[in-house]
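Contents: one structure, followed by commentary.
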Amino acid sequence: MSTISYLLCMALLCGCGTNIAPLPGDVPPSENLGVPQVSETPQPSDEPQSSDVPQPSDAPQALETPDSDIPETTVSSETAEESMPSSEEASPAPEQTVGTRNNTPQCLTPTADGTAETHNDVSSIDYSNASEGYIMAVYTGTNSKVKMQIVGPNAVKYTYNLTGSNYEAFPLSSGNGSYEITIYENVSGTSYGICLTTSIDVTLTSEFAPYLYPNQYCSFNSSSKTVAKAKELAEPANSDLEVVTNVYNYIIENISYDYNKASTVPSGYIPNVDSILASGTGICLDYAAVMTSMLRSQRIPTRLEVGYAGDAYHAWISTYISDIGWVNGIVEFDGHSWELMDPTFAASSSEKSLKEFIGEGSNYQVKYMY
C-alpha cells in the first residue's frame, strides 16, 4: 500500500471501532461499530510504491537564479520617502464582505421526548423522533462493555459503543422501512447478551433529515467553536455553493494529517470536532466530521461516509445543494444529486490528481453513512 493510502486509512484500521468482540446473532468482526475491520494493517514504508490512489504533489523546489539574472532596481532616498505612506495616511484594512445568504447557524437538537420508547432498569431506546431520522439511546448500568446495533431495511448492520449515562443520538441511515434496534451487554470474553431490543417502522419527513442533525460521529451544538467558524466562513457567501467552497478550502488549508494519531488512535475512537479544529491536525474521520458539522450547522445536508477509496479504507463526505457549479474545478454540483467531496485527499494531493481520482465517484465504495 502506498504512503498516501496509509495516510488516509491508518486511523480507521487502528481504531474507530475495530478490534472488538463479535456480538451474538451472526455479527462478524468486520461489521463492528459501523466501521468494518480490515484484516491487514498497513505499515508505513520509506520506499515509494505504486497505487491507484493519487500521490501528494511534490513540494516545489526553489529555483537557483544567478544574481546577474536579477535586474537591480535603484530607488533614490527621495523617491523612497515619497513612496512610503505615513502612519496618518496608512491604508485602512479591507472590510469583511457580507453576502446575501443568511449565515445564522441552525443547530438542530436531538431529543428523547418519551412519547415513543422502550426501556428497562438500565437502558432506554427512545424513537419519538424517528421520522426526523434519528433515535436516542442510553445505558445507565454498571457493565463496562455495552454496544447498540441498528439494522435497517437494507440489512446493513451499524454497531456503536454506548458510553456515559446521557442520551446519545444515532442516525437512521437506511431510509424508510423497518428497523431493529438492540442494546447488548458483555457477558464474558467475546460473549454478549441482549439487554433491550425493539422494532420500529420509520417514514422520514425528508430524505435529508438524518443528515442535518448532530450524532455520535459528528457532535456539535450552538456553543461549538466549529459552528462559530462555519458562521464566519459563510458570512461572505451568497449561496450554499459558496458556503461549501469556503468551508472546503478552509478545511484543506488549515488541517494537516496527523500520522502519529493514525498509528496510535484507540479502538472506539469518536471525533471531537472542536478539539480537531483547535489542533489543526486530524485523521480522515476527523476531516470528514469537522466538515460535516460545519455544513449541517449551515442547513446544508451532509453525509459522513465510510468505506473504500480505491483499496484504502477511508472516510469522506457527500453533500447536497440545489445550486449548480464547481468547487475548485474538482467537484461539480448539478443541483439534484449528492456530490462526493474528499477533504483529506484534497489536503495532500495535487488538484489534477484529485480530480482524476474522484472523477464520477466510481473509486469510492460506501459501506456506512452517519
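From a predicted model like this one, the values you see are computed outputs, not experimental measurements. We number each residue from 1, following the sequence as shown.
Side-chain N or O atoms of N186 include one that pairs as donor or acceptor with a backbone N or O of S191 at under 3.5 Å. No side-chain donor-acceptor contact under 3.5 Å links T344 to the backbone of Y287. In this structure a side-chain-to-backbone donor-acceptor pair under 3.5 Å is missing from N363 to A309. Between the N154 side chain and the V156 main chain, a donor and an acceptor come within less than 3.5 Å of each other. Listed for the S224 side chain is a donor-acceptor partner under 3.5 Å among the backbone atoms of N221. In this structure, the side chain of Y127 does not engage the main chain of S131 through any donor-acceptor pair within 3.5 Å.
In this structure, a donor-acceptor pair under 3.5 Å is present between the side chains of N129 and Y134. A donor-acceptor pair shorter than 3.5 Å can be found between the side chains of S350 and S353. T205 and E132 share a side-chain donor-acceptor pair at under 3.5 Å. Side chain to side chain, N238 and T100 meet the donor-acceptor criterion of an N or O pair below 3.5 Å.
At least one side-chain heavy atom of T264 sits under 4.5 Å from a side-chain heavy atom of N260. Using a 4.5 Å heavy-atom threshold, the side chains of Y308 and V366 count as separate. In this structure the side chain of N246 reaches within 4.5 angstrom of the side chain of P236, judged on heavy atoms. At least one side-chain heavy atom of Y248 sits under 4.5 Å from a side-chain heavy atom of M291.
Considering every non-hydrogen atom in both H336 and D334, the closest pair reads N-OD1, 3.0 Å. Residues A234 and N103 come closest through the heavy atom pair CB-CB, 3.8 Å. Among all heavy-atom pairs drawn from A130 and L204, the shortest one is O-CD2, 3.6 Å. Taking each heavy atom of S128 and D126 in turn, the nearest pair found is OG-OD1, 2.7 Å. Between I183 and V138, the shortest heavy-atom distance links the atoms CD1-O, 4.3 Å. Heavy atoms only, all atoms of each residue included: S318 and L340 are closest at OG-CA, 3.6 Å.
Interatomic distance, T118 OG1 to I200 CD1, rounded to the nearest 0.5 Å: 11.0 Å. The CD1 atom of I270 sits 10.0 Å away from the SG atom of C218 when rounded to the nearest 0.5 Å.
Listed by chain and residue number, nothing satisfies the ring pair (Phe, Tyr, Trp, His ring centres under 6.0 Å) test with Y179 (two or more places apart in sequence, or in another chain). With sequence neighbours excluded, no residue forms a side chain to side chain contact (heavy atoms under 4.5 Å, CB included) with T142. Take K352 and apply the side chain to side chain donor-acceptor pair (under 3.5 Å) test, not counting sequence neighbours, and it matches E356. Applying the side chain to side chain donor-acceptor pair (under 3.5 Å) test to R303 and every residue at least two apart in sequence or in another chain returns E305. Qualifying ring pair (Phe, Tyr, Trp, His ring centres under 6.0 Å) partners for F208, counting only residues two or more places apart in sequence or in other chains: Y320, W338.
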Check the pair C195 / N120 against side chain to side chain contact (heavy atoms under 4.5 Å, CB included), numbers first and verdict last.
CA-CA 8 Å; C195 173; N120 57 26; 3.8 Å; yes
Test side chain to side chain contact (heavy atoms under 4.5 Å, CB included) on F333 and L241 and set out the steps.
CA-CA 8 Å; F333 284 83; L241 181 62; 3.6 Å; yes
Output, in order, the C-alpha distance, side-chain angles, deciding distance and verdict of salt bridge (Lys or Arg N to Asp or Glu O under 4.0 Å) for D240 and R299.
CA-CA 9 Å; D240 286 354; R299 307 174 300 283; 5.7 Å; no
How far apart are the C-alpha atoms of E339 and T319, what are their side-chain angles, what is the distance that settles it, and do they pass the side-chain hydrogen bond (donor to acceptor under 3.5 Å, both in side chains) test?
CA-CA 5 Å; E339 303 301 336; T319 191; over 6 Å; no
List the steps and the verdict of side-chain hydrogen bond (donor to acceptor under 3.5 Å, both in side chains) for T203 and N176.
CA-CA 5 Å; T203 300; N176 296 330; 5.1 Å; no
Could you walk me through whether I181 and M148 pass the side chain to side chain contact (heavy atoms under 4.5 Å, CB included) check?
CA-CA 7 Å; I181 307 164; M148 183 181 68; 3.9 Å; yes
With side chain to side chain contact (heavy atoms under 4.5 Å, CB included) as the criterion, how do L295 and I317 come out once you've worked through the C-alpha distance, each side chain's angles and the decisive distance to 0.1 Å?
CA-CA 10 Å; L295 294 181; I317 72 163; 4.1 Å; yes
What side-chain donor-acceptor pairs closer than 3.5 Å can you find for residues 163-173, not counting sequence neighbours?
from : atom 1 : to   : atom 2 : distance (Å)
Y167 : OH     : S124 : OG     : 2.8
E168 : OE2    : Q216 : NE2    : 3.2
S173 : OG     : M369 : O      : 2.6

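Ring pair Y368/Y158: centre-to-centre distance below 6.0 Å. Taking the six-membered ring for Trp and the full ring otherwise, Y269 and Y217 have centroids separated by 6.0 Å or more.
Within a 6.0 Å radius of CG in N102, other residues, nucleotides and ligands contribute more than 12 heavy atoms.
Checked options Q298, M341, M294; the residue passing with V247 is M294 (criterion: side-chain contact (heavy atoms from CB on, under 4.5 Å)).
Ring-plane geometry between W316 and H314 is classed as tilted, the angle between the planes lying from 30 to 60 degrees on a 0 to 90 degree scale.
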